[in-house]
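Just so we're clear, the structure is a prediction, and the values are computed from it rather than from any experiment.
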Amino acid sequence: CGSRVANNETPLSRQTINMMEQPHTKPKRKILPWIIRIGVVVVMAILLIVFLLNHHNKNNKYDLYISRQGDFYGYTNQNGEYVIQPIFDDCVGFREGLAAVKFNGKWGYIDTKGNFVINPQYDLDYDTFDPFFHDGLAMLKLKNDKIGYSDMKGNWAITPQFDDGCSFNDGIALVCLDKKCGVIDKTGRFIVTPQYDMIDYFSDGFALVEKNYPEYNYGYIDKNGNFVIDCSSFDSAKRFSEGLAAVSYNGDWGYIDKTGTVVINCKFDYADVFSEGLAMVSLGRGLYAYINKKGDYVMTPQFLDAEKFN
C-alpha cells in the first residue's frame, strides 16, 4: 500500500545558480542512503525466511520436519538427522500424531515412528483435498468418488456415501449429497439435512447458506440447523466475524448484526470481514480504508491495496 508522490519540475533555483558560480568539484557519492537500503533489504529477507519457516512448521509440536533426499521424502529432527527415512513419493506434516504419505503411488498414514497406521491405498490430491486429521477423523475418497471419514486406526467412522465434503471442525462437517449440502456430526448423523445449494464454514456460530441457485437467496443457520437470518433481500453476503457480517444491497456493501438488522448502511463498493475490531472497505476511486464497528473511519480511504488485520 502507499500513495503516489508527484515529481514536479521546478525552475532553476537560487541554490543551483550559486553552485554554478563556484569552482567545479567532483560530487561526493551518497553512501549512507545505499547502506540503509541494503540494510532494509537484508532485514526484509531475514523476516521473510523466518516467516516461511514458521509457516511451514506451524504447530509442529512433534519436532519432525519434511526433508527431501533425491526424489524421496522423509522426516528429520531439528538437527537435520533423519528420524523417518526418505522413502516416500510425497508427504505432508504431522497433525494429531499422524501424517499422510504417498508410497508406491498410493496415500496412507504413518505415526511419528514411521509405522503405517493406515496402509497406502488411497488416491488423494491434497492440493484440493485436505489430507490432515481433524477431531480424530480424516476425509477420504474411494475409487467410486464417494467420500467418507476414517478414524485414526483406518476404520470407517462414517462410511463413504457423500459426493463432496469438508474436514471436521468443532465436531461437525459440511457434506454434499445429490447436489444438495448439509451438516453432519461425528457419528454421521445429519444435523442439517441436505437442502442447500451452498453452505459456508461456521463462523461466530452461524453458517452462510444459499438456496434456489441461481437466484442467490442467502441466509444464516446456527449449529442446530435452525434458519436464523433471512437475507433474501440482499444481493450477496459474507460469513459472520466479531458479531457482524457484510451484506450487499443493489451493489453497495454494509453490515448486519446477528439479529439481521443493518447496523452499518450499505454504502461501500467493497467490504471485508471484521478482524481485531476493524474492517477493510472501499468507497470508490480504488482506495481502501478501515472502519470500526460503528461504521466510522479509523483510517480514511488512502490505500491502493490493503488486507484485514490479524
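Between atom CE of residue Met139 and atom CZ of residue Phe129 there is a gap of 4.0 Å, rounded to the nearest 0.5 Å. Rounding to the nearest 0.5 Å places CG of Leu124 at 10.5 Å from CG of Asp90. Once rounded to the nearest 0.5 Å, the distance linking NZ of Lys211 with CG of Asn217 reads 9.5 Å. To the nearest 0.5 Å, the span separating CD1 on Ile118 from CG on Leu140 amounts to 6.5 Å. Distance check, rounded to the nearest 0.5 Å: CD1 of Ile229 to OG1 of Thr261 gives 8.5 Å. Here the CG-CG distance, from Leu244 to Asp257, works out to 7.0 Å after rounding to the nearest 0.5 Å.
Shown here are the side-chain hydrogen bond (donor to acceptor under 3.5 Å, both in side chains) partners of Lys186, two or more places apart in sequence or in another chain: there are none. The ring-ring contact (aromatic ring centres under 6.0 Å, His included) test applied to Tyr149 returns Phe168, not counting sequence neighbours. Residues that satisfy the side-chain hydrogen bond (donor to acceptor under 3.5 Å, both in side chains) test with Lys180, not counting sequence neighbours, are Asp197. The ring-ring contact (aromatic ring centres under 6.0 Å, His included) search around Tyr109 returns Phe133, not counting sequence neighbours. With sequence neighbours excluded, the residues that form a ring-ring contact (aromatic ring centres under 6.0 Å, His included) with Tyr75 are Phe94. Take Asn265 and apply the side-chain hydrogen bond (donor to acceptor under 3.5 Å, both in side chains) test, not counting sequence neighbours, and it matches no residue. Checked against side-chain hydrogen bond (donor to acceptor under 3.5 Å, both in side chains), Asp135 has no partners two or more places apart in sequence or in another chain.
Between the side chain of Asp222 and the backbone N or O of Asn224, at least one donor-acceptor pair lies under 3.5 Å. Judged purely by atom type and a 3.5 angstrom limit, Trp253 has no side-chain atom pairing as donor or acceptor with the backbone of Val247. The backbone N or O of Gly243 sits less than 3.5 Å from a side-chain atom of Asp204, completing a donor-acceptor pair. Asn169 places no side-chain N or O within 3.5 Å of a backbone atom of Ile172 that could act as its donor or acceptor partner.
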Side-chain polar contacts of residues 81-88 - donor-acceptor pairs under 3.5 angstrom, sequence neighbours left out - could you list them?
from	atom 1	to	atom 2	distance (Å)
Glu81	OE1	Asn77	ND2	3.0
Tyr82	OH	Ser67	OG	3.2

Only distances under 3.5 Å count here; give the side-chain donor-acceptor pairs of residues 268-279 to other protein atoms, sequence neighbours excluded, each with its distance to 0.1 Å.
from	atom 1	to	atom 2	distance (Å)
Asp269	OD2	Gly284	N	2.7
Ser275	OG	Phe309	O	2.1

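The minimum heavy-atom distance between Tyr196 and Ile221, with the atom names listed, is OH-CG2, 3.5 Å. The shortest heavy-atom contact between Ile264 and Asn292 is CD1-O, 3.9 Å. Here the closest heavy-atom approach between residue Tyr220 and residue Val209 is recorded as N-CG2, 4.2 Å. Looking at every heavy atom in both residues, Cys231 comes nearest to Ile256 through SG-CD1, 4.0 Å. In plain terms, the two heavy atoms of Tyr249 and Cys266 that are nearest each other are CB-SG, 4.0 Å.
For residues 237-256, the set of pairs meeting the salt bridge (Lys or Arg N to Asp or Glu O under 4.0 Å) definition, not counting sequence neighbours, comprises Asp200-Arg239, Glu242-Lys293. A salt bridge (Lys or Arg N to Asp or Glu O under 4.0 Å) check over residues 96-109, counting only residues at least two apart or in different chains, returns the pairs Lys106-Asp123. Among residue pairs with one or both ends in residues 147-166, those qualifying as salt bridge (Lys or Arg N to Asp or Glu O under 4.0 Å) are Lys146-Asp163; sequence neighbours excluded.
A donor and an acceptor atom, one from each side chain of Tyr65 and Gln78, are located under 3.5 Å apart.
Remark: Tyr297 OH is packed, more than 12 non-hydrogen atoms of other residues, nucleotides or ligands lying under 6.0 Å away.
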